[in-house]
*Asks:* 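Can you read through this structure? Questions will come right after.
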Amino acid sequence: MTTALSTSLSLLGPELILAGGGVLLLMIGVFSGERRANRLVTGLSVAVLVAALLWMWFFGRDGVAFGGAIVQDAFSRFMKSLALIGSAVTLFMSVGFAKDERFDKFEFPVLIVLCTLGMMLMITANDMLGLYLGLELQSLAIYVLAAFNRDSLRSTEAGLKYFVLGALSSGMLLYGISLVYGYTGHTGFNEIAAALTGSERQLGLVFGLVFVLAGLAFKISAVPFHMWTPDVYEGAPTPITAFMAAGPKMAAMALTVRVTMEAFAPIAPDWQQIIVFISIASMLLGSFAAIGQRNIKRLMAYSSIGHMGFALVGLAANSETGVRGVVLYMTIYLAMTLGTFAVILAMRRKQGNVENIDDLAGLSTTHPLMALVLTIMMFSLAGIPPLAGFWAKWYVFLAAINSGLYALSVIGVLASVVGAYYYLRLIKIMWFDEPVGSFVPVAGELRLVLGVSAAFTLLYVLIGGPLGNMAQAAAKSFF
């Protein structure tokens with residue numbers, strides 16, 4: 001018993017680092033005094049996230065923990081790396097913004113660390129109960145983060161909307177889990193798959209599958225469970241919006257892949273239909289609804305919905321190539337999102353931050369480097385070759401074509417063409433409109449993120465081979 005417990009705990013090294021680090025950081029924040037604690041806790045939080053990442057790659061090993069409830073493999077390691085990088089970078093980017101907006105409280109980085117712990121438990125979950133516990137730990141932290149700026153009515157409203165709709169999605173997920181348990185007698189993914197193999201599919205089980213996927217679709221903001229995204233993206237403080245667009249999306253997509261590829265693998269034709277519908281609806285709504293947006297954070301919300309639809313194209317293929325495409329898509333999407341939000345954080349005048357797209361007019365004249373980076377990000381999000389965003393869509397569309405999903409691929413390409421309009425409109429405003437004013441100088445941490453994101457997006461063709469091999473190894477975890 002003791003040996004089994006120690007073996008299980010040894011597999012959860014990164015998670016234990018985050019859990020212990022979160023508690024320790026909370027104590028440091030409480031006893032250090034508010035003025036000293038804010039920057040200290042933020043720096044230590046980034047260090048804790050980096051330490052968890054390094055531990056996972058240098059000391060982590062594959063295996064199953066706690067009777068099969070937790071699984072560590074190449075897929076979980078890759079996706080947890082994306083979640084940790086997204087969390088660390090958003091914390092790093094937020095230092096100057098939080099100070100200027102006067103909400104640099106030590107609770108902010110602590111909540112990010114605890115939310116990341118929930119994401120890592122989601123990614124490693126191999127049991128329905130572990131799935132739910134990890135998801136709720138992540139969600140509870142994000143509810144608080146969305147409403148973190150208590151002096152802002154928009155932030156409070158965003159937190160309330162996200163909490164109410166999140167509670168609804170959690171209820172749907174739990175109901176789906178109860179149906180799956182009722183018809184299979186198991187909560188473990190492997191046991192559920194074994195119970196479904198060779199047995200006649202029952203209608204109640206399909207309803208359970210639908211409810212489980214509905215709860216997960218809410219977390220990746222896929223249509224028709226996207227309604228929270230524009231309002232919460234706009235209302236939440238910008239660093240928190242950047243975090244929501246980066247880390248939690250990685251965890252939710254990884255969880256969706258694992259649930260479908262492991263627990264419901266024997267009834268793939270059923271969940272493929274659901275994923276195809278969600279993918280098409282997300283791509284189309286994300287492409288068309290963003291056209292009329294004037295707030296850049298709302299535009300990025302609809303862009304996020306569309307890109308989750310594109311990523312689901314790879315999952316719908318139900319193949320090793322498809323899972324590889326999803327992993328690479330999420331990697332590239334993370335880099336593009338962090339670069340874009342670094343620009344949004346840099347949109348600051350002496351009076352405060354601005355979010356209107358028209359405020360970017362003439363940016364190429366006032367801040368040429370900032371305009372160049374945002375142009376690279378917009379071209380990449382639109383899928384223009386040879387930038388990274390083009391290869392992201394190439395991988396998932398190729399997987400869909402190889403699986404015979406020709407209609408889905410055609411709709412995806414057409415949606416991508418429509419979506420290119422609002423990305424190109426942003427570029428036109430920056431390069432061809434008259435300047436309406438200048439932003440304050442860009443902070444050093446934002447310059448670093450802008451440079452790394454732009455380099456990754458531009459030079460992806462040079463590093464795509466090693467990344468592709470890692471994604472291939474991650475995909476092999478299911479095949």
Side-chain angles (χ1 to χ4, degrees), residues 75 79 82 122-123 169 173 209-226 229 245 248-265 267-290 301-334 336-337 381 383 389 391-416 418-419 471 474-475 478:
F75 177 78
M79 297 305 292
L82 296 184
M122 287 169 63
I123 295 170
S169 75
L173 178 65
L209 168 65
V210 171
F211 277 108
V212 169
L213 291 181
L216 296 178
F218 177 89
K219 298 304 176 184
I220 60 173
S221 63
V223 176
F225 309 100
H226 67 285
T229 316
K249 291 286 177 69
M250 305 299 122
M253 185 61 74
L255 186 54
T256 305
V257 171
R258 192 176 291 280
V259 167
T260 52
M261 287 294 171
E262 286 196 346
F264 298 120
I267 55 171
D270 292 306
W271 63 255
Q272 275 182 290
Q273 296 178 52
I274 301 170
I275 296 297
V276 167
F277 167 76
I278 292 175
S279 175
I280 292 174
S282 300
M283 289 188 294
L284 293 178
L285 184 133
S287 297
F288 284 98
Y302 285 109
S303 171
S304 163
I305 294 168
H307 280 284
M308 291 304 102
F310 288 121
L312 289 172
V313 170
L315 179 58
N318 187 29
S319 65
E320 184 178 324
T321 308
V323 175
R324 175 177 177 268
V326 174
V327 171
L328 287 171
Y329 199 103
M330 298 308 293
T331 304
I332 295 169
Y333 174 76
L334 176 65
M336 296 187 298
T337 300
L381 286 166
W391 296 107
K393 292 178 181 178
W394 170 272
Y395 296 134
V396 293
F397 288 150
L398 182 63
I401 291 171
N402 289 340
S403 297
L405 301 174
Y406 303 113
L408 177 62
S409 303
V410 170
I411 293 171
V413 171
L414 294 176
S416 187
V418 173
F478 304 109

*Asks:* Looking at CD1 of Ile305 and NE2 of His226, how far apart are the two atoms once the value is rounded to the nearest 0.5 Å?
*Replies:* 5.0 Å
*Asks:* Using side-chain heavy atoms (C-beta onward) and a distance below 4.5 Å, is Leu284 in contact with Val223?
*Replies:* no
*Asks:* Check whether any side-chain heavy atom of Tyr329 sits under 4.5 Å from a side-chain heavy atom of Tyr395, and report yes or no.
*Replies:* no
*Asks:* Would you say Ser282's side chain and Ser279's backbone share a donor-acceptor pair under 3.5 angstrom?
*Replies:* no
*Asks:* Nearest 0.5 angstrom please: Ile275 CD1 to Leu405 CG, how far?
*Replies:* 12.0 Å
*Asks:* List the atom of Val396, the atom of Val326, and the distance in Å for their closest heavy-atom pair.
*Replies:* CG1-N, 4.2 Å
*Asks:* Could you go through the side chain to side chain contact (heavy atoms under 4.5 Å, CB included) check for Leu408 and Met283 one step at a time?
*Replies:* CA-CA 10 Å; Leu408 177 62; Met283 289 188 294; 3.9 Å; yes
*Asks:* Could you tell me if the side chain of Thr260 sits less than 4.5 Å from the side chain of Leu213, heavy atoms only?
*Replies:* yes
*Asks:* Any chance you could measure Leu381, atom CG, to Ser304, atom OG, to the nearest 0.5 Å?
*Replies:* 10.5 Å
*Asks:* For residues Val259 and Val212, determine if any side-chain heavy atom of one lies less than 4.5 Å from a side-chain heavy atom of the other.
*Replies:* yes
*Asks:* Test your reading of the model: is there a side-chain donor-acceptor pair from Glu320 to the backbone of Ala475, 3.5 Å cut-off?
*Replies:* no
*Asks:* At what distance, to the nearest 0.5 angstrom, does OH of Tyr333 lie from OG1 of Thr337?
*Replies:* 3.5 Å
*Asks:* With sequence neighbours left out, write down each residue that passes ring-ring contact (aromatic ring centres under 6.0 Å, His included) with Phe264, or none if nothing qualifies.
*Replies:* none
*Asks:* Give the intermediate values and the outcome of side chain to side chain contact (heavy atoms under 4.5 Å, CB included) for residues Ser169 and Phe225.
*Replies:* CA-CA 9 Å; Ser169 75; Phe225 309 100; over 6 Å; no
*Asks:* Identify, with sequence neighbours excluded, every residue that meets ring-ring contact (aromatic ring centres under 6.0 Å, His included) alongside Phe75.
*Replies:* Phe478
*Asks:* Can a donor-acceptor pair be found, under 3.5 Å and without considering hydrogens, that links the side chain of Thr331 to the backbone of Val327?
*Replies:* yes
*Asks:* Atom OG1 in Thr229, atom CE in Met308: separation rounded to 0.5 Å?
*Replies:* 10.5 Å
*Asks:* Would you say Leu315 and Met261 make side-chain contact, with heavy atoms under 4.5 Å?
*Replies:* yes
*Asks:* Under 4.5 Å between any side-chain heavy atoms of Met250 and Ile220, yes or no?
*Replies:* no
*Asks:* Could you label the plane-to-plane angle of the Trp391 and Trp394 rings as parallel, tilted or perpendicular, counting under 30° as parallel and over 60° as perpendicular?
*Replies:* perpendicular
*Asks:* Any chance you could measure Lys219, atom NZ, to Met122, atom CE, to the nearest 0.5 Å?
*Replies:* 7.5 Å
*Asks:* Could you tell me whether the side chain of Lys249 reaches within less than 4.5 Å of the side chain of Ser221, counting heavy atoms only?
*Replies:* yes
*Asks:* So, do Arg258 and Met253 sit near enough that their side-chain heavy atoms are less than 4.5 Å apart?
*Replies:* no
